[in-house]
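Step one of this worksheet: look at the structure below.
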2 protein chains.
Amino acid sequence: MPLPELTEIAEKLPETVPFVGPEAIERKTGVKIRARIGANESGFGPSPKVLAAIREAAEGIWKYPDPENYELRVALANFHGIAPDEVTIGEGVDGLMGLIVRLFMEPGDVLLTSLGAYPTLNYHVVGHGGRLEFVPYQGAHEDLAALAEAAQRLKPRIVYVANPDNPMGSYWPAADIEKFIAAVPDETLIMLDEAYGELAPDDALPPIDTSKGNLLRLRSFSKAYGLAGIRVGYAIGPKKFIGAFNRVRNHFGVNRLAQAAAMAALADQDYLREAKANIAAARERIARIARDNGLTALPSATNFVAVDCGRDGDYATKILEQLALLGVFIRKPGTPGLDKHIRISVGPEADMALLAESLPKAIRAAQGGA
Amino acid sequence: MPLPELTEIAEKLPETVPFVGPEAIERKTGVKIRARIGANESGFGPSPKVLAAIREAAEGIWKYPDPENYELRVALANFHGIAPDEVTIGEGVDGLMGLIVRLFMEPGDVLLTSLGAYPTLNYHVVGHGGRLEFVPYQGAHEDLAALAEAAQRLKPRIVYVANPDNPMGSYWPAADIEKFIAAVPDETLIMLDEAYGELAPDDALPPIDTSKGNLLRLRSFSKAYGLAGIRVGYAIGPKKFIGAFNRVRNHFGVNRLAQAAAMAALADQDYLREAKANIAAARERIARIARDNGLTALPSATNFVAVDCGRDGDYATKILEQLALLGVFIRKPGTPGLDKHIRISVGPEADMALLAESLPKAIRAAQGGA
């Protein structure tokens with residue numbers, strides 16, 4: 001019996017999850033995760049005002065969300081000093097990335113990124129039949145000069161840069177980013193991922209400027225705002241491209257509680273400052289724990305710390321696996337060159353204490369088994 | 001200066017919203033909506049246990065949702081007597097429809113639907129470069145025989161049927177649906193939209209049978225479960241196609257509160273029965289109000305009632321516009337043949353009372369202005 005066929009592109013795709021969730025790891029290992037410090041979430045959570053806003057909004061959950069995300073767009077526009085039609089809301093930065101790829105890339109078109117950068121973007125590119133071109137990291141940094149050079153040479157449809165970077169936690173000062181933006185050909189869309197932007201030093205983010213015709217900047221409520229579970233990201237850019245999202249997006253995709261939570265989070269900048277201080281302190285704590293165990297913590301402009309385990313990728317993987325068996329969930333890059341690092345997200349003191357207790361054991365076990 | 005170009009498909013698309021939200025209507029008219037009975041939401045809301053589950057889950061909102069929606073899939077699998085890998089979760093039926101179109105339709109491929117059926121599906125088809133073929137309604141029903149005949153003739157990639165139907169509220173007994181399914185060519189995917197399934201009479205839904213290789217059935221928590229704002233829908237079908245969603249979906253798209261809410265809603269079938277009784281009573285109330293005003297209410301297997309205003313589409317539109325000015329939000333079909341109807345969603349007694357008070361005024365105004 002002939003059955004319906006998938007499209008040519010879909011037929012070739014693997015059934016993947018870009019990130020295996022900690023829930024799946026628990027189901028697989030049977031070990032309960034007691035320190036969830038692997039997905040760059042913020043265990044400090046959102047503002048109490050956000051929780052109150054969610055609980056209050058629950059009453060109206062029988063209503064569809066506003067498909068225009070109007071109030072949130074106006075709030076974000078006021079916050080950033082732009083017009084409401086220069087910002088669009090999506091189901092996390094992940095959702096927006098999928099739409100951007102769909103809007104700009106024909107099958108066979110090229111997206112240029114760094115080898116080892118955000119895998120969900122690559123998933124979307126391949127999922128739309130696009131091709132990936134990679135530039136290696138330069139140490140712990142995405143290599144802006146090499147990316148610009150490759151962009152000039154390849155004229156990709158899109159070039160991707162994260163600032164600050166994930167998984168390494170590094171950042172470039174705004175001046176370097178601006179130089180990069182100027183060097184990219186005008187016909188190449190620059191996807192500037194600033195999911196960790198709120199956590200970066202003051203000199204990291206170029207001023208918002210929507211007159212730059214080939215620049216889309218992505219922001220998230222998942223990191224500094226502590227709302228990974230609510231799925232709200234936004235894109236800022238020129239009106240023409242922001243409007244284009246309305247051609248393809250799932251208009252009711254951002255749910256009602258998400259809109260309410262994001263509004264409340266944005267309004268409580270005092271709490272954001274407090275969260276940033278907690279996150280910075282936890283970063284220091286992770287660095288100390290690493291040092292105490294003879295490992296090298298890299299400087300971080302994010303809510304996680306990349307830690308150089310000093311040997312090869314297999315060794316770092318063993319430490320990660322041993323930590324998982326002790327109830328400590330972390331992640332690590334898999335790309336050669338980066339893969340000797342483990343990536344540890346910040347968390348409240350209980351998480352940090354369990355990390356401090358578990359890391360020496362994990363290292364011993366990793367060395368014993370090596 | 002050459003700028004990045006949209007894809008050929010995206011360039012041709014309009015910037016549309018398939019449904020203008022009541023919030024946008026309020027912003028435009030300046031009139032506050034006091035009876036929100038236009039979007040087939042359920043003003044009776046979800047179970048109190050769902051609200052409790054949302055409020056409790058808020059505490060963990062700093063965590064990403066489980067990208068596999070594992071617990072919800074297992075709960076739905078148990079509920080329907082299928083395997084967990086025969087059901088996938090999406091950001092509402094809307095989100096799932098977009099993925100289905102993307103998975104199965106190449107540019108230029110045909111989706112067969114009824115003229116005047118769910119517009120968001122058409123939006124997704126056009127958005128992926130697909131072509132739409134239409135079969136007219138037969139009275140208040142999607143014309144199953146004509147759809148089957150057209151499917152045999154056109155061999156479309158997908159044929160769409162909603163049972164019960166929106167916007168007319170009619171339904172076909174399971175036996176007719178099964179006959180239709182058998183008549184569709186095997187290589188055509190049947191998208192059976194059962195968003196209103198829980199509200200249909202017992203004889204409307206064929207038993208769940210995932211062995212049928214070209215059938216995907218769509219269900220929603222937006223209607224009977226009263227959770228339109230939470231954005232959870234699901235698709236049931238053969239493992240092969242359910243697995244295919246994992247190739248293209250936004251894995252973290254269904255947020256954490258949505259998963260918790262859907263779990264709690266599914267678990268409270270007592271409340272669902274209560275809600276269905278309330279919805280049925282409100283349907284009767286709408287029918288009485290229509291009759292009292294000399295209009296004809298159509299039988300409904302859903303949470304809304306299509307009301308024949310007895311003249312042409314313009315007249316029905318005038319009644320709708322007058323109701324909006326009185327704070328009563330309803331919608332109506334725009335397709336010739338269906339457009340003499342207005343579509344009124346159920347709601348609690350306060351909404352129904354305002355409808356009863358406003359409809360005679362709206363009719364008078366519509367006639368005066370005619």
Side-chain angles (χ1 to χ4, degrees), chain A residues 1-4 6-7 10 13 15 17-19 21 23-24 36 39 41-43 45-46 51 54-55 58 60-68 70 91-92 94-95 98 103-104 106 127 186-189 213-214 226-231 243-244 246-248 250-253 255-258, chain B residues 1-4 6-7 10 13 15 17-19 21 23-24 36 39 41-43 45-46 51 54-55 58 60-68 70 91-92 94-95 98 103-104 106 127 186-189 213-214 226-231 243-244 246-248 250-253 255-258:
Chain A
M1 181 172 85
L3 281 179
L6 298 177
T7 65
L13 297 173
E15 290 177 15
V17 181
F19 290 103
E23 297 82 3
R36 185 171 159 129
E41 298 158 336
S42 176
L51 297 184
I54 290 171
R55 288 170 180 144
I61 199 60
W62 61 274
K63 302 175 195 173
Y64 280 102
D66 174 11
E68 299 179 27
Y70 181 80
E91 301 93 331
D94 287 358
L103 281 171
F104 289 94
E106 309 274 1
D186 290 333
E187 60 266 46
T188 295
L189 182 76
N214 64 338
L227 282 170
I230 210 84
R231 315 312 301 130
N246 290 330
R247 302 177 185 210
V248 294
N250 179 12
H251 287 82
F252 292 88
N255 90 18
R256 202 167 175 92
L257 303 176
Chain B
M1 181 171 90
L3 281 178
L6 297 177
T7 65
L13 298 172
E15 291 178 14
V17 180
F19 289 104
E23 297 82 3
R36 186 173 158 129
E41 300 159 335
S42 177
L51 297 185
I54 290 172
R55 288 171 180 143
I61 199 62
W62 61 274
K63 302 176 195 173
Y64 280 102
D66 175 11
E68 299 179 27
Y70 182 80
E91 303 93 329
D94 287 358
L103 281 171
F104 288 95
E106 308 273 2
D186 290 333
E187 60 265 46
T188 295
L189 182 77
N214 64 339
L227 282 169
I230 210 86
R231 313 313 300 130
N246 290 330
R247 304 177 184 210
V248 294
N250 178 11
H251 287 82
F252 292 87
N255 90 19
R256 201 166 175 94
L257 303 176

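Convention: sequence-line order gives letters A, B, ...; per-chain numbering from 1. Please read all numbers here as calculations on a predicted model, not as lab measurements.
- Closest of all the heavy-atom pairs between B:N250 and A:G95 is ND2-CA, 3.5 Å.
- With a 4.5 Å cut-off on non-hydrogen atoms, A:T7 touches chain B through its backbone and its side chain both.
- Most heavy-atom pairs under 4.5 Å with chain B: of the set A:A228, A:G43, A:S42, this distinction falls to A:A228.
- Considering every non-hydrogen atom in both A:P4 and B:G213, the closest pair reads CD-O, 4.0 Å.
- Between chain B and the options A:Y70, A:F104, A:Y64, the largest number of non-hydrogen pairs under 4.5 Å is found for A:Y64.
- One finds the CG atom of A:L257 at 10.0 Å from the CZ atom of B:R55 (value rounded to the nearest 0.5 Å).
- Residues forming a salt bridge (charged side-chain N to carboxylate O under 4.0 Å, His left out) with B:R36 (at least two apart in sequence, or on another chain): B:E23, B:E41.
- Residues forming a salt bridge (charged side-chain N to carboxylate O under 4.0 Å, His left out) with B:E15 (at least two apart in sequence, or on another chain): A:R247.
- Note: A:P67 leads A:P67, A:G98, A:G60 in heavy-atom pairs under 4.5 Å with chain B.
- In terms of heavy-atom pairs under 4.5 Å with chain A, the best-connected choice from B:D94, B:D66, B:T188 is B:D66.
- Interface summary for chain A: among B:A258, B:G45, B:G243, the most heavy-atom pairs under 4.5 angstrom belong to B:G243.
- Contact annotation for A:E68: only side-chain heavy atoms (C-beta onward) come within less than 4.5 Å of a heavy atom of chain B.
- The structure places CG of B:L6 at 6.0 Å from CG of A:L103, a figure rounded to the nearest 0.5 Å.
- The CD1 atom of A:I61 lies 5.0 Å from the CD1 atom of B:I54; values are rounded to the nearest 0.5 Å.
- The choice from A:R231, A:E91, A:R256 that makes the most heavy-atom pairs within less than 4.5 Å of chain B is A:R231.
- Residues B:P2 and A:D186 share a closest heavy-atom pair of O-CB, 3.0 Å.
- The CG atom of A:L227 sits 14.0 Å away from the NZ atom of B:K63 when rounded to the nearest 0.5 Å.
- Across every non-hydrogen atom of A:P46 and B:W62, the tightest pair is CD-CB, 4.5 Å.
- Nearest approach of A:A58 to B:L51, heavy atoms of both residues: O-CD2, 3.3 Å.
- No other option in A:G253, A:G226, A:G21 has as many heavy-atom pairs under 4.5 Å with chain B as A:G226.
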